[in-house]
Amino acid sequence: MLHVVAIVTAKPGKRAEVLAQFKAIVPTVLAEAGCIEYGPTVDAGVPGLPAMGPDVFVVIEKWDSAEALAVHSKAPHMLAYGAATADLVANVAVYPLSPA
C-alpha cells in the first residue's frame with residue numbers, strides 16, 4: 001500500500017473555491033481502480049500546535065500500488081481539475097510514503 005500526503009496551497013483567499021472544485025472530483029477518484037482513501041482535510045486549530053494556515057488544505061490518500069497512483073495522476077478528471085484551478089493554486093507538494 002502507498003500513502004500519499006498532498007499539500008495544496010491556494011492563492012490568498014482562494015481556498016474555498018479550490019476546495020469546492022476538489023470535492024467535486026472526490027467521488028470519481030474514489031471509484032478509480034486502486035484507490036483506498038482520498039479526501040481533503042484542513043487545519044484542526046488545536047491550540048499549541050502549528051497551523052497550516054487559511055489558504056492550505058491537505059489531501060490524505062491511500063493507493064494499493066504506485067501504478068494506481070500513476071494512472072490517477074494522468075486521469076482526465078485530474079487533468080481537468082488541474083486546468084480549472086491553475087490560476088487559483090500557488091503550490092502543490094505531493095509526498096508518496098510507505099508504511100514504516
Side-chain angles (χ1 to χ4, degrees):
M1 180 172 41
L2 189 66
H3 298 257
V4 177
V5 174
I7 301 171
V8 180
T9 304
K11 291 183 178 175
K14 298 296 182 182
R15 183 176 78 176
E17 195 173 342
V18 177
L19 263 173
Q21 298 234 16
F22 184 86
K23 288 178 181 180
I25 64 165
V26 168
T28 304
V29 174
L30 289 170
E32 289 181 42
C35 183
I36 299 166
E37 180 180 340
Y38 191 83
T41 62
V42 294
D43 182 58
V46 176
L49 295 177
M52 297 294 289
D55 298 315
V56 177
F57 68 95
V58 178
V59 183
I60 305 297
E61 310 176 33
K62 288 183 185 174
W63 295 89
D64 69 7
S65 67
E67 293 78 18
L69 176 62
V71 170
H72 160 72
S73 67
K74 295 180 176 94
H77 51 275
M78 293 308 298
L79 297 176
Y81 163 78
T85 59
D87 292 336
L88 305 172
V89 173
N91 190 56
V92 176
V94 179
Y95 302 95
L97 308 165
S98 296

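Just so it is clear, the structure is predicted and the values come from calculations on it, not from any experiment.
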Practice problem: Group every Ile, Leu, Val, Met, Phe, Trp and Tyr by side-chain heavy-atom contacts under 4.5 Å, then state whether Leu2 and Leu30 land in the same group. | Solution: yes
Practice problem: Identify the two heavy atoms, one from Ala24 and one from Pro27, that lie closest to each other, and give their separation to 0.1 Å. | Solution: O-CD, 3.8 Å
Quiz item: Should side-chain heavy atoms under 4.5 Å link Ile, Leu, Val, Met, Phe, Trp and Tyr, which residues sit in the same cluster as Met1?
Solution: Ile36
Practice problem: Establish whether Val92 and Val4 are linked, either directly or via other cluster members, by ILVMFWY side-chain heavy-atom contacts under 4.5 Å. | Solution: yes
Exercise. Grab the two heavy atoms, one from Leu19 and one from Pro40, that are nearest each other, plus how far apart they are.
Key: CD2-CB, 3.7 Å
Quiz item: Does any pair with a residue in residues 76-91 pass side chain to side chain donor-acceptor pair (under 3.5 Å), and if so which ones, sequence neighbours excluded?
Solution: Glu32-His77
Quiz item: Shared ILVMFWY cluster between Val59 and Val89, side chains joined below 4.5 angstrom?
Solution: yes
Quiz item: Linking Ile, Leu, Val, Met, Phe, Trp and Tyr through side-chain heavy atoms less than 4.5 Å apart, which residues share a cluster with Val46?
Solution: Leu49
Quiz item: Which residue pairs pass the side chain to side chain donor-acceptor pair (under 3.5 Å) test with at least one member in residues 6-29, sequence neighbours excluded?
Solution: none
Exercise. Begin with the C-alpha distance, continue with both residues' side-chain angles, and end with the deciding distance and a verdict on side chain to side chain contact (heavy atoms under 4.5 Å, CB included) for Val29 and Glu61.
Key: CA-CA 10 Å; Val29 174; Glu61 310 176 33; over 6 Å; no
Quiz item: Is it the case that one hydrophobic cluster holds both Val26 and Val5, taking links as side-chain heavy atoms less than 4.5 Å apart, direct or via other members?
Solution: no
Quiz item: Between Ile25 and Met78, does a side chain to side chain contact (heavy atoms under 4.5 Å, CB included) hold up when you go through it step by step?
Solution: CA-CA 8 Å; Ile25 64 165; Met78 293 308 298; 3.5 Å; yes
Quiz item: Where is the tightest heavy-atom contact between Gly13 and Asp55, given as atom of each residue plus distance?
Solution: N-OD1, 3.0 Å
Exercise. Kindly write out the residues that satisfy side-chain contact (heavy atoms from CB on, under 4.5 Å) with Thr41, not counting sequence neighbours, or none if the list is empty.
Key: Val58, Ile60
Self-check item: Residues which pass side-chain contact (heavy atoms from CB on, under 4.5 Å) with Pro54, listed by chain and number, not counting sequence neighbours
Solution: none
Self-check item: Least distance between heavy atoms, Val18 atom then Ala10 atom
Solution: CG2-CB, 4.1 Å
Quiz item: Restricting to pairs with a member in residues 34-54, which pass salt bridge (charged side-chain N to carboxylate O under 4.0 Å, His left out), not counting sequence neighbours?
Solution: Glu37-Lys62
Quiz item: Could you give all pairs that pass the ring pair (Phe, Tyr, Trp, His ring centres under 6.0 Å) test and reach residues 28-55, with sequence neighbours left out?
Solution: Phe22-Tyr38, Tyr38-His72
Quiz item: Is there a path of hydrophobic side-chain contacts, each under 4.5 Å between heavy atoms of I, L, V, M, F, W or Y residues, that connects Leu88 with Phe57?
Solution: yes
Practice problem: Could I get the full list of side-chain contact (heavy atoms from CB on, under 4.5 Å) partners for Ala68, not counting sequence neighbours? | Solution: Trp63, Asp64, Ser65
